[in-house]
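Handing you a structure now.
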Amino acid sequence: MFKSQARQRSSFEYTALIRDFLLFALLGVAFLAQADTAKEKPSVKIFAAASLTDALNEAIDRYESQHDVDIVPVYASSSTAARQIASGAPAELFFSANVQWMNWLPDQGIELDSRINLLQNHLVLIAPKGRDLPAFTPGNDGKLISLLDGQERLSVGDPDHVPAGIYSRQALQSLGEWDALESRLARADNVRAALALVEREETPLGIVYRTDAKASDKVDQLGLFPDDSHAPIVYPLALVNLPASESAQAFRQWLESDEALAIFADFGFAAARNSSP
């Protein structure tokens, strides 16, 4: 009797061992299959102007919710992003805040495809929130330098290479204020850095894109620069480092859809009037 019970227990234990082993094996197969699926998920790297950060992040979240793909954005000034691409950075898309830096890439041997001028923007004069400064439209309400005391400086993207700074220089030259203000500039590496200087009250005034000012709750917009005081602020988009993957081509196509443009409009961008390069 005892031997029979022992054999029965042994049989039960053996069955349980087999069951546990099979369950473990099935879980292992499922884990490996899941890992392989994740590993095979395509990714697309897009190098984009810093001024696109908030809007493009929102667009990426929307796109990823509808497609099985990882969109990896890298934000910098357009000049920095273009130089990185020319130096071999593995970008598949370039979204610039400046036509000239897009034009520069083919001169460096980087072939472009499916290029389009997608968005446009405006320059705005900003001040730290709560200063209660009156509205001031550059070119209409006197000299901008009259708003600076002592050695106070004006925050801008570096006019030597940052698109927002290049447009700012054009505007100040057009309004006859460049010579007086050139030595009073606080030059930032990109437009978001110029915005941050005003947000932290390190400078009392700054020139940024309207979209950047809209994205911040720490600055007030004093007035827009006249559009005819600088070159049109156009954002070209193109595939780079060809041939582009199907995932990159699909995302590029979606970015000019009504759905994507509506997201950019929520952040203050407008569709470019002329879509050709």
Side-chain angles (χ1 to χ4, degrees), residues 44-60 71-123 156-171 188-195 207-212 215 227 230-242 244 248-249 251-256 260-261 263-265 267-277:
V44 175
K45 185 170 287 186
I46 178 170
F47 279 40
S51 55
L52 288 163
T53 301
D54 299 315
L56 186 55
N57 280 343
E58 181 73 18
I60 288 171
I71 307 297
V72 182
V74 177
Y75 298 107
S77 70
S78 298
S79 57
T80 298
R83 289 187 180 113
Q84 289 176 342
I85 292 171
S87 297
E92 288 192 87
L93 284 159
F94 180 37
F95 205 165
S96 175
N98 179 270
V99 172
Q100 283 70 34
W101 281 110
M102 185 68 79
N103 292 342
W104 179 80
L105 282 178
D107 293 336
Q108 314 308 309
I110 303 297
E111 186 179 355
L112 308 179
D113 190 27
S114 302
R115 177 176 172 176
I116 186 174
N117 289 340
L118 191 63
L119 304 173
Q120 61 183 12
N121 213 333
H122 302 275
L123 281 184
V156 297
D158 191 334
D160 290 336
H161 68 94
V162 176
I166 293 171
Y167 295 126
S168 298
R169 177 171 57 192
Q170 292 173 352
D189 289 338
N190 58 65
V191 69
R192 283 304 175 94
L195 174 69
I207 303 175
V208 298
Y209 296 128
R210 182 173 64 178
T211 51
D212 295 297
D227 283 341
H230 54 79
I233 302 174
V234 175
Y235 288 67
L237 169 69
L239 294 165
V240 296
N241 291 327
L242 306 178
Q249 295 178 51
F251 183 54
R252 151 67 186 80
Q253 189 68 31
W254 180 83
L255 283 172
E256 64 173 309
L261 290 175
I263 294 172
F264 289 114
F267 286 85
F269 290 96
R273 296 186 183 95
N274 180 6
S275 62
S276 61

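Just so you know, residue 1 is the first one in the sequence shown, and it goes up from there. Atoms considered below: every heavy atom in the structure, side chains included; atoms not considered: hydrogens, waters and symmetry mates.
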- Under 3.5 Å donor-acceptor, Arg252 side chain and Ser114 backbone: yes
- Item | Any Ile60 side-chain heavy atom under 4.5 Å of Pro73 side chain | yes
- Ring centres under 6.0 angstrom apart (Tyr235, Phe269): yes
- Message: Check this for me, if you would: do Arg169 and Asp158 make a salt bridge, where the nitrogen-to-carboxylate-oxygen distance has to be below 4.0 angstrom?
- Response: no
- Message: Is the shortest side-chain heavy-atom distance between Asp227 and Pro232 below 4.5 Å?
- Response: no
- Check step by step if side chain to side chain contact (heavy atoms under 4.5 Å, CB included) holds for Leu52 and Leu119. CA-CA 10 Å; Leu52 288 163; Leu119 304 173; 3.9 Å; yes
- Item | Side-chain (Gln249) to main-chain (Ala244) donor-acceptor, under 3.5 angstrom | yes
- Message: Under the criterion side chain to side chain contact (heavy atoms under 4.5 Å, CB included), I'd like the reasoning laid out for Leu118 against Phe95: C-alpha separation, chi angles, the key distance, then a yes or no.
- Response: CA-CA 9 Å; Leu118 191 63; Phe95 205 165; 3.6 Å; yes
- Query: What distance separates His230 NE2 from Gln170 CD, expressed to the nearest 0.5 Å?
  - Reply: 8.0 Å
- Task: Give the intermediate values and the outcome of side chain to side chain contact (heavy atoms under 4.5 Å, CB included) for residues Arg115 and Leu237.
- Result: CA-CA 6 Å; Arg115 177 176 172 176; Leu237 169 69; over 6 Å; no
- Message: Minimum heavy-atom separation for Ala248 and Leu239, please, with both atom names.
- Response: O-CD2, 3.8 Å
- Ala48 versus Leu56, closest heavy-atom pair with distance: CB-CD2, 3.6 Å
- Met102 versus Leu112: any side-chain heavy-atom pair under 4.5 Å? yes
- Can you name the nearest heavy-atom pair linking Thr80 to Ser77, along with the distance? OG1-OG, 2.9 Å
- Mind checking what makes ring pair (Phe, Tyr, Trp, His ring centres under 6.0 Å) contact with Phe94, not counting sequence neighbours? none
- Could you go through the side chain to side chain contact (heavy atoms under 4.5 Å, CB included) check for Phe47 and Leu93 one step at a time? CA-CA 6 Å; Phe47 279 40; Leu93 284 159; over 6 Å; no
- Message: Quick one: does any side-chain atom of Tyr209 pair with a main-chain N or O of Ala164 as donor and acceptor, under 3.5 Å?
- Response: yes
- Message: Does Asn57, at its CG atom, have more than 12 non-hydrogen atoms belonging to other residues, nucleotides or ligands within less than 6.0 Å?
- Response: yes
- Message: Is there a side-chain contact between Ile110 and Ile85 in this structure, where contact means two heavy atoms from C-beta onward sitting under 4.5 Å apart?
- Response: yes
- Query: Would a 4.5 Å heavy-atom cut-off, applied to side chains only, mark Ile46 and Ile71 as touching?
  - Reply: yes
- Task: Could you label the plane-to-plane angle of the Trp254 and Phe251 rings as parallel, tilted or perpendicular, counting under 30° as parallel and over 60° as perpendicular?
- Result: parallel
- Smallest separation among heavy atoms of Leu195 and Asp212, with atom names: CD2-O, 3.7 Å
- Query: Quick one: are Leu123 and Ile233 in side-chain contact, heavy atoms under 4.5 Å?
  - Reply: yes
- With side chains defined as the heavy atoms from C-beta onward, is the minimum distance between Glu111 and Leu242 less than 4.5 Å? yes
- Message: Restricting to non-hydrogen atoms, name the atom on Ser79 and the atom on His161 that form the minimum distance, rounded to 0.1 Å.
- Response: OG-ND1, 2.7 Å
- Query: Are Phe264 and Thr211 side-chain neighbours, meaning at least one heavy-atom pair lies under 4.5 Å?
  - Reply: no
- How far apart are the closest heavy atoms of Ile207 and Ser168, and which atoms are they? CG2-OG, 3.2 Å
- Verify, without hydrogens or angle tests, whether Ser78 (side chain) and Ala97 (backbone) share a donor-acceptor contact under 3.5 angstrom. yes
